[in-house]
Amino acid sequence: MESKVRVRFAPSPTGGLHLGGVRTVLFNYLFAKHHGGEFVLRIEDTDQTRFVAGAEQYIQDTLAWCGLNPDESPLHGGPFAPYRQSERKAIYKEYADQLIKNGQAYYAFDTAADLEAKRAEIANFQYSKAHRMEMKNSIALPAEEVEQLLQSDTPYVVRIKIPDQAEVKFEDIIRGEVSFDASTVDDKVLLKADGMPTYHLAVVVDDYLMKITHAFRGEEWLPSAPVHILLWQYLFGLDKMPKWAHLPLILKPDGHGKLSKRDGERLGFPVFAMDWTDPNTKETTIGFKEKGFLPEAFVNLLAMLGWNDGTDKEIFSIEELITNFSLERVHKGGAKFDYEKAKWFNAEWIKKMDNALLAELVKPYLDKEGIEVHEAAYLVKVIGLVKERCVLLPDFVTQSAFFFQAPKTIDIASIQPKWEEKKQGFFNELVKIYSDKIAQGLKTMPAETLETDFKELATTHGLKPGDLMLPFRIMLVGGKFGPGVFDIVENIELKDAITRINHTLGLLSSN
RNA sequence: GGCCGGUUCGUCUAUCGGCUAGGACAGCCCCCUUUCACGGGGCAAAGACGGGUUCGAUUCCCGUACCGGCUACCA
């Protein structure tokens, strides 16, 4: 009888959530949902010194934006609450005591200075079998002295006692069997002097208590896995241990190493999922959301960093990811992040997305630029006209502003050199024709009609339509971009077209 | 230094012993488009190295090289 799949994402609330973090969430989420299981968010706030106010809320907001909401979390609670490790402090102490009682852990009274001195003295110092007896701990010291130190409230930590010789191995879903020689790992601190557990103790205890069946985390955790395996063996039994999977890292696009916040700033792309403002420095780091990414695209691009379904398919909705995801197809090697490809995913999703939905997302950007949208349906129509030339949401501003207001600047330099009297005459007459249409009660005309009339008029003026298209476009939108000119005229209506033509004609003659 | 992990086009990747090594992004060219895109077509571009195993290795094994991670009372 298989127990229900339960996975967890366990971040420290120390700042913004970066790409790697969100991808870890994603893979956890996909795995859980694929197996009809549960996804837990647990906040690992055991390091008081690194705690950052607002970071926990930020994490929850980020998951919500990505659509990766946990089934259990500090915010919404759940059957295994509390989900904040700082609120579970007393629990860890019990397990630490149990380990000490069984001789699998011990008290250590060394001060920071003691350790520092020892590290300076001995190259490659390890707090393990080799030097354990030289230190101030309950194994090296006489029982009475230990008792006395404890009685006098001397600060202490609890360290795991790594067995002298043992091969510690486990099966990683992605990497296969991984084994370590226990003698190469040191006696890690389990409980800190302030009574808080370290990550090592906390993950094991909480994964057990919260009935986690599969534990996924970044590859950077692989080296400390033997400590966790040993703890599982000591405390709960290996048969209860979750299946492990260590995910490959997301690396810098250039050079080498793990992708960091600094790389984004240096290379000009976001690294955090959403804007993050450091409460201390007030410094804001831009996020994918604010940069103009769609959550669907963000999730899609993250999934493809280290995973694929074995076919050439690259565009996946979250539902498709859930049904197709399998941990066995996750890569072992790290992936360099490519921002160009990331933008491609977004462009694909923009093209794919429903115009009305897109309109709601684009509206705030227009508002911010002071562009007034009087009619929602009109915006939806415009979106349909320009979406395929937009990569990021803010691109809609430049690509569609001229549908709502006359361009602020006119690229006159692109018209001027080839401007001639004949063209002036052509546009004067075009204005006249449009005015006549308005007088006849027409507000606008279909693009096709507009085009035919335009070309006919050009011919009668002895001009090639092609020589008039560019000037006309610039008059209408201000530059060399945008959808077909007649689609624009059809939508902005005849009277606005007249205004814009006259405006540019004025600029041309005043020069 | 030690330990652990990794290594296919510039980048993300396919390949579960048969490969003329496929796709995508980026790049270049052409078509479409009297703008910019989208779209279509094409070009260029890869198995770190050395040993095995095998009829046959990118695929399996072993070394070496290189890259990365860890080596805190941080996660």
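Computation of the quantities below employed the complete heavy-atom set of this structure, encompassing side-chain atoms and omitting hydrogens, waters and symmetry-equivalent molecules. Numbers restart at 1 for each chain; the letters A, B, ... are given by sequence-line order, proteins then strands. Values in this document were obtained by computation on a predicted structure and should not be read as measured data.
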Quiz item: Does the distance from a Lys or Arg side-chain N to an Asp or Glu carboxylate O, for A/K118 and A/D114, drop under 4.0 Å?
Solution: no
Exercise. Whole angstrom is fine here: how far is it from NZ in A/K188 over to C1' in B/C74?
Key: 11 Å
Quiz item: Can you check whether A/L26 reaches A/I318 side chain to side chain, under 4.5 Å on heavy atoms?
Solution: yes
Exercise. Mind checking side-chain hydrogen bond (donor to acceptor under 3.5 Å, both in side chains) for A/Y95 and listing every partner two or more places apart, or none if nothing turns up?
Key: none
Could I get a table of every N or O pair under 3.5 Å where one atom is in the protein and the other is in nucleotides 63-66 of chain B?
none

Quiz item: With the threshold set at 4.0 Å, does a side-chain nitrogen-carboxylate oxygen contact exist between A/E348 and A/K351?
Solution: yes
Self-check item: G-U wobble or Watson-Crick pairing nucleotide for B/G39 (cut-off 3.5 Å, both distances)
Solution: B/C31
Exercise. Take atom P in B/C49 and the same atom in B/C9, then report the distance between them in whole Å.
Key: 11 Å
Self-check item: Full working for ring pair (Phe, Tyr, Trp, His ring centres under 6.0 Å) between A/F216 and A/F27
Solution: CA-CA 8 Å; A/F216 313 142; A/F27 286 6; 8.7 Å; no
Quiz prompt | Integer-rounded Å distance: B/U11 C1' and A/I250 CD1 | solution = 14 Å
Quiz prompt | Watson-Crick/G-U partner (both atom distances under 3.5 Å) of B/A24 | solution = B/U11
Practice problem: Using a 4.0 Å heavy-atom cut-off across all strands, classify A/A335 as base, sugar-phosphate, or nothing. | Solution: sugar-phosphate
Quiz prompt | Mate of B/C19 where both pairing distances stay under 3.5 Å, Watson-Crick or G-U | solution = none
Exercise. Would you please name every residue forming a side-chain hydrogen bond (donor to acceptor under 3.5 Å, both in side chains) with A/E388, sequence neighbours left out?
Key: none
Practice problem: Assign A/V189 to base, sugar-phosphate, or nothing according to its heavy-atom contacts below 4.0 angstrom with the strands shown. | Solution: sugar-phosphate
Quiz item: So do the side chains of A/K341 and A/W344 get within less than 4.5 Å of each other, counting heavy atoms only?
Solution: yes
Quiz item: Quick check: are there more than 12 heavy atoms from other residues, nucleotides or ligands sitting under 6.0 Å from NZ of A/K480?
Solution: no
Practice problem: Give A/R329 one of three labels, base, sugar-phosphate or nothing, depending on what nucleic acid heavy atoms sit under 4.0 Å from its own. | Solution: sugar-phosphate
Practice problem: Go through the structure and list residues passing ring-ring contact (aromatic ring centres under 6.0 Å, His included) with A/Y106, not counting sequence neighbours. | Solution: none
Quiz item: Please give, in whole Å, the distance from B/A14 C1' to A/K313 NZ?
Solution: 16 Å
Quiz item: Do any of residues 41-54 of chain A sit with a heavy atom less than 4.0 Å from RNA chain B, and if so which?
Solution: A/E44, A/T46, A/D47, A/R50
Self-check item: Interatomic distance where CD1 belongs to A/I315 and P belongs to B/C12 [whole Å]
Solution: 18 Å
Quiz prompt | Nucleotide-resolved protein contact map, nucleotides 24-47 of chain B, B/S/- at heavy-atom distance under 4.0 Å | solution = BB--------BBBBSS--------
Quiz item: Hey, mind stepping through A/Y92 and A/D206 against side-chain hydrogen bond (donor to acceptor under 3.5 Å, both in side chains) and telling me if it holds?
Solution: CA-CA 9 Å; A/Y92 310 111; A/D206 286 341; 2.5 Å; yes
Quiz item: What pairs with A/F402 under ring-ring contact (aromatic ring centres under 6.0 Å, His included), at least two apart in sequence or on another chain?
Solution: A/F481
Quiz item: Rounded to the Å, how far apart are A/D254 CG and B/C67 P?
Solution: 15 Å
Exercise. In whole angstrom, give me the gap between the P atoms of B/U59 and B/C19.
Key: 14 Å
Quiz item: How long is the line joining NZ of A/K136 and C1' of B/C73, in whole Å?
Solution: 15 Å
Practice problem: In whole angstrom, give me the gap between the P atoms of B/G63 and B/G6. | Solution: 14 Å
Quiz item: With rounding to whole Å, what would you report as the distance between B/A72 and B/C3 at their P atoms?
Solution: 16 Å
Quiz item: Using a cut-off of 4.0 Å between protein heavy atoms and nucleotide atoms, how would you tag nucleotides 1-9 of chain B 5' to 3' with B, S and -?
Solution: B-SSSS---
Quiz item: B/G27 and B/G69: how far apart are their P atoms, nearest whole angstrom?
Solution: 29 Å
Practice problem: Based on the glycosidic angle (syn within 90° of 0, else anti), state the conformation of B/C38. | Solution: syn
Quiz item: Using purine N1 to pyrimidine N3 plus N6-O4 or O6-N4 for Watson-Crick, or N1-O2 and O6-N3 for G-U wobble, each under 3.5 Å, what pairs with B/A44?
Solution: none
Self-check item: B/C43 to B/U54 separation - C1' atoms, rounded to the nearest Å
Solution: 37 Å
Quiz prompt | Sugar-phosphate, base or nothing in reach of A/I474, heavy atoms under 4.0 Å | solution = nothing
Practice problem: Return each pair, listed once, that meets salt bridge (Lys or Arg N to Asp or Glu O under 4.0 Å) where at least one residue sits in residues 7-16 of chain A; pairs must be two or more places apart or across chains. | Solution: A/R8-A/D207
Practice problem: Using atom NZ of A/K118 as one end and atom P of B/A72 as the other, report the distance to the nearest whole Å. | Solution: 16 Å
Quiz item: Under the salt bridge (Lys or Arg N to Asp or Glu O under 4.0 Å) test, which residues partner A/K243, sequence neighbours left out?
Solution: none
Exercise. Classify the angle between the aromatic ring planes of A/H131 and A/F125 as parallel (below 30°), tilted (30 to 60°) or perpendicular (above 60°).
Key: tilted
Quiz item: side chain to side chain donor-acceptor pair (under 3.5 Å): which pairs involve residues 189-199 of chain A, sequence neighbours left out?
Solution: A/Y199-A/R217
Exercise. Can you tell me the pairing partner of B/C66 across any strand shown, Watson-Crick or G-U wobble, with both distances under 3.5 angstrom?
Key: B/G6
Quiz item: Does OP1 or OP2 of B/C74 have a side-chain N or O of A/K192 closer than 4.0 Å?
Solution: yes
Exercise. With C1' as the reference atom in both, quote the distance from B/C67 to B/C73 in angstrom, rounded to an integer.
Key: 32 Å
Quiz prompt | Distance flag, aromatic centroids of A/F396 and A/Y365, threshold under 6.0 Å | solution = no
Quiz item: Using the C1' atom in both, what is the distance from B/G47 to B/U7, to the nearest Å?
Solution: 10 Å
Practice problem: Report which part of the nucleic acid A/D110 touches: base, sugar-phosphate, or nothing (heavy-atom distance under 4.0 Å, all strands). | Solution: base
Quiz item: For B/G68, does OP1 or OP2 lie under 4.0 Å from any side-chain N or O of A/K336?
Solution: no
Self-check item: Length of the OH-P vector between A/Y199 and B/C73, whole Å
Solution: 17 Å
Practice problem: Return the nucleotide paired to B/U59: Watson-Crick means purine N1 to pyrimidine N3 with N6-O4 or O6-N4, wobble means G-U with N1-O2 and O6-N3, both under 3.5 Å. | Solution: none
Quiz item: With A/K258, which residues qualify under side-chain hydrogen bond (donor to acceptor under 3.5 Å, both in side chains), at least two apart?
Solution: none
